[in-house]
Amino acid sequence: MAFCSSCGGQVADGVTVCPACGHSTATTAAPAAPAVIPAVQTGSGLTDNVAGMLAYLSIIPAIIFLVMEPYNRNRFIRFHSFQSIFFCVASVVAWVALVIISKVLGIIPILGPFIAILLWIALCLASLIAWIILLIKASQGVMYKLPFIGDLAEKQANA
């Protein structure tokens, strides 16, 4: 079974046109893990890896890529857009949880605020490092999956 290079859908052997998107599938093959996607030009002048990288700049480009026509058919861009959205949501949830933990730790004199500051530094550094890794991997054309979040993004991108 081969895969369409445009939408990522499965194409039966011997078929030259993808039944889902109509793209030519003459030289497509099953992607290896981790999937390295060649820099394919979309209809607007952006290559797939640049669009995937732009999805991580904030939640707004990710949503735009999921709504706009040439991008929402591309599995690579959809994956990175969903992973960006899920990463932002997870970051907000972690931030809210750490605010609550910090308030509870504030009750403990001297040691509590110190532990809260260390937790905030750890959360900020972990988020920054993960964000930089996601940007680099998307620019290289790799569908790098974060634990749990990447699986959710992959399910949404394939739907």
Side-chain angles (χ1 to χ4, degrees), residues 1-13 15 17-25 27-44 46-102 118-159:
M1 200 49 108
F3 295 91
C4 176
S5 63
S6 177
C7 71
Q10 288 187 345
V11 179
D13 293 332
V15 176
V17 176
C18 175
C21 69
H23 188 264
S24 175
T25 61
T27 59
T28 59
V36 177
I37 309 295
V40 178
Q41 195 86 6
T42 57
S44 69
L46 288 176
T47 57
D48 289 353
N49 59 339
V50 171
M53 190 174 80
L54 286 174
Y56 289 109
L57 291 183
S58 74
I59 200 168
I60 295 169
I63 293 170
I64 290 172
F65 287 144
L66 289 174
V67 174
M68 287 184 61
E69 184 59 35
Y71 306 108
N72 62 4
R73 288 183 281 142
N74 188 310
R75 184 174 160 262
F76 180 79
I77 297 172
R78 280 196 325 262
F79 168 77
H80 285 291
S81 296
F82 278 118
Q83 184 162 260
S84 173
I85 292 169
F86 295 151
F87 180 69
C88 288
V89 168
S91 297
V92 169
V93 168
W95 181 80
V96 169
L98 198 51
V99 166
I100 295 168
I101 291 170
S102 295
L118 290 178
L119 289 174
W120 277 106
I121 291 171
L123 175 68
C124 291
L125 281 177
S127 296
L128 179 66
I129 290 169
W131 181 68
I132 290 172
I133 289 171
L134 290 171
L135 282 171
I136 291 170
K137 292 296 184 179
S139 71
Q140 293 172 346
V142 177
M143 291 181 67
Y144 180 78
K145 294 191 320 183
L146 289 174
F148 184 69
I149 293 172
D151 294 332
L152 291 173
E154 188 173 40
K155 287 178 187 175
Q156 291 296 318
N158 290 334

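Hydrogens, waters and symmetry mates are skipped; everything else that's a heavy atom, side chains included, is used. Since the structure is predicted, the reported quantities are computational estimates derived from the model, not experimental observations.
Of all non-hydrogen atoms in Ile77 and Gly52, the two that sit nearest each other are CG1-N, 4.5 Å. Of all non-hydrogen atoms in Tyr56 and Trp131, the two that sit nearest each other are O-NE1, 2.7 Å. Annotation for Gln83 and Ala153: closest pair N-CB, 3.5 Å, computed over non-hydrogen atoms. Scanning all heavy atoms of the two residues, the minimum distance from Ala55 to Ser84 falls at O-OG, 2.7 Å. Counting all heavy atoms, side chain and backbone alike, Met143 lies closest to Phe76 at CG-CD1, 3.4 Å. Pairing each heavy atom of Ala157 with each of Arg75, the nearest pair is CB-O, 4.0 Å.
Identified under the salt bridge (charged side-chain N to carboxylate O under 4.0 Å, His left out) test for residues 123-146, with sequence neighbours left out: Lys145-Asp151, Lys145-Glu154. Under the salt bridge (charged side-chain N to carboxylate O under 4.0 Å, His left out) criterion, no residue pair touches residues 83-94, with sequence neighbours excluded.
Between Phe65 and Asn74, the closest side-chain pair of non-hydrogen atoms is not below 4.5 Å. Using a 4.5 Å heavy-atom cutoff, the side chains of Leu123 and Leu119 are not in contact. You'll find the side chain of Leu152 stays beyond 4.5 Å of the side chain of Phe82, heavy atoms only. The shortest side-chain heavy-atom distance between Trp120 and Trp95 falls under the 4.5 Å cut-off.
With rounding to the nearest 0.5 angstrom, the CZ atom of Phe86 is 10.0 Å from the CD1 atom of Ile59. Met53 contributes atom CE, which lies 12.5 Å from atom CG of Leu134 (distance to the nearest 0.5 angstrom). Going from atom CZ of Arg78 over to atom CG of Asn158 covers 7.0 Å, rounded to the nearest 0.5 Å. To the nearest 0.5 angstrom, Ile64 atom CD1 is 8.0 Å from Ser58 atom OG.
The local environment of CD1 in Ile60 is sparse, with at most 12 non-hydrogen atoms from other residues, nucleotides or ligands closer than 6.0 Å.
Judged by distance alone, with hydrogens and angles left aside, the side-chain atoms of Ser139 form a donor-acceptor pair with the main-chain N or O of Ile136 at under 3.5 Å.
The ring pair (Phe, Tyr, Trp, His ring centres under 6.0 Å) test applied to Phe79 returns no partner, not counting sequence neighbours.
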